[in-house]
Amino acid sequence: MPTTLLAFLGACTLIAASPGPSTVLIIKQSLHSRRSGFLTVLGNETGVFIWGVVAAFGLTALLTASEVAYGVMRVVGAVVLVGFGIQALRQARRTRGADDGVREGAPKSGWHSYRGGLLLNLANPKAAVFAMSFLPQFVPEGAPHLPAMVGLAALWAVYEVGYYGLYVWFVGRLRSVLSRVGVRRRLEQVSGGVLLLLGVRMALEG
């Protein structure tokens, strides 16, 4: 069991270290505040746990078996990514307006940040398929399948809260530099462009 858990946590580290839409969104939200970034992390990891539980019950097999269902989820995921990308580019434009003396809008609520992280994860069909293929590999031989899968999903989510929390902390440490209007605007533009490209790629994938 200890060896299995170490291997599982090592795999979780490699997964979290791979750049993706969630990483981009977490860093983007952390530019606003640590609270916003951390709540985005919590939302994202709620999605991770939900997909893990769905995989434990075998429901993600329905998604992979139905080309139509997977296609619908892929389009929805692409729309969500493009929406976040446009939102980031609009934020960059508002930041530029603030630099020119135009007042920015009111800060977003904590629920907005949490919901964004959750929505981005749940709208990604690849996350569902990955959970189904990833978690069963680490169920110990002879262990009850369902409780073990749910436990691994919970451990995966909690571990990533700590991992992505380091991103939030690091961005917060650099806040004096990143909060400069010009720097923040460029980062918003980059994150918006990346999210847009990821959305377009997801939409075009077969």
Got a list of side-chain donor-acceptor pairs under 3.5 Å for residues 19-28, not counting sequence neighbours?
| unit_1 | atom_1 | unit_2 | atom_2 | d |
| --- | --- | --- | --- | --- |
| Ser22 | OG | Asn44 | OD1 | 2.6 |

Check the pair Thr40 / Leu120 against side chain to side chain contact (heavy atoms under 4.5 Å, CB included), numbers first and verdict last. CA-CA 10 Å; Thr40 304; Leu120 187 65; over 6 Å; no

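- Judged as a salt bridge (Lys or Arg N to Asp or Glu O under 4.0 Å), not a single pair has a partner in residues 8-26 (not counting sequence neighbours).
- Between Leu146 and Val150, the closest side-chain pair of non-hydrogen atoms falls below 4.5 Å.
- For residues 137-150, there are no side-chain hydrogen bond (donor to acceptor under 3.5 Å, both in side chains) pairs, not counting sequence neighbours.
- For the ring-ring contact (aromatic ring centres under 6.0 Å, His included) test, residues two or more places apart in sequence or in another chain that qualify with Tyr163 are Tyr167.
- In the model, Gln189 has a side-chain atom that pairs as donor or acceptor with a side-chain atom of Arg186 under 3.5 Å.
- For residues 7-22, no residue pair satisfies the salt bridge (Lys or Arg N to Asp or Glu O under 4.0 Å) rule, not counting sequence neighbours.
- Criterion: ILVMFWY side-chain heavy atoms under 4.5 Å apart, direct or through other members. Under it, Phe57 and Trp51 are part of a common hydrophobic cluster.
- Closest of all the heavy-atom pairs between Ala203 and Arg74 is O-NH1, 2.7 Å.
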Apply side chain to side chain contact (heavy atoms under 4.5 Å, CB included) to Phe38 and Val161, showing your working. CA-CA 8 Å; Phe38 190 69; Val161 167; 3.9 Å; yes

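- Considering OG of Ser36 and CG of Leu31, their distance stands at 9.5 Å, rounded to 0.5 Å.
- Residues passing the side-chain contact (heavy atoms from CB on, under 4.5 Å) test with Ile15 are Phe130, Phe134, Trp156, Glu160, sequence neighbours excluded.
- For the atom pair CZ (Phe49) and CG (Leu152), the distance works out to 11.0 Å, reported to the nearest 0.5 Å.
- Residues that satisfy the side chain to side chain donor-acceptor pair (under 3.5 Å) test with Ser133, not counting sequence neighbours, are absent from this structure.
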Residues Asn124, Met202; criterion side chain to side chain contact (heavy atoms under 4.5 Å, CB included); working and verdict: CA-CA 9 Å; Asn124 185 1; Met202 182 178 288; 3.6 Å; yes

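- Summarising the geometry of Ala153 relative to Gly52, their closest heavy-atom pair is CB-CA, 3.7 Å, with the distance given to 0.1 Å.
- Separating the CE atom in Met132 from the CE atom in Met149 is a distance of 9.0 Å, to the nearest 0.5 Å.
- Applying the side-chain contact (heavy atoms from CB on, under 4.5 Å) rule to Val82 yields the partners Ile86, Leu196; only residues at least two apart in sequence or on another chain are considered.
- Applying the side-chain hydrogen bond (donor to acceptor under 3.5 Å, both in side chains) test to every pair with at least one member in residues 192-201, sequence neighbours left out, gives no pairs at all.
- Ile50 meets the side-chain contact (heavy atoms from CB on, under 4.5 Å) test with Thr46, Val54, Leu118, Leu122; sequence neighbours excluded.
- Put simply, CD on Glu45 and OH on Tyr114 are 10.5 Å apart, with the number rounded to the nearest 0.5 Å.
- Contacts classified as salt bridge (Lys or Arg N to Asp or Glu O under 4.0 Å) and involving residues 143-157 (residues at least two apart or in different chains) are not found.
- The same ILVMFWY cluster, assembled from side-chain heavy atoms under 4.5 Å apart, contains both Trp111 and Leu39.
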Give the intermediate values and the outcome of side chain to side chain contact (heavy atoms under 4.5 Å, CB included) for residues Leu155 and Leu9. CA-CA 9 Å; Leu155 180 60; Leu9 293 177; 4.1 Å; yes

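- Residues Arg34 and Val171 have side chains not in contact (no heavy-atom distance under 4.5 Å, counting atoms from C-beta outward).
- Applying the side-chain contact (heavy atoms from CB on, under 4.5 Å) rule to Val158 yields no partners; only residues at least two apart in sequence or on another chain are considered.
- Contact record, Val139 with Ala148: CG1-CB, 3.8 Å, taken as the closest heavy-atom pair.
- A side-chain N or O of Tyr159 and one of Thr13 form a donor-acceptor pair less than 3.5 Å apart.
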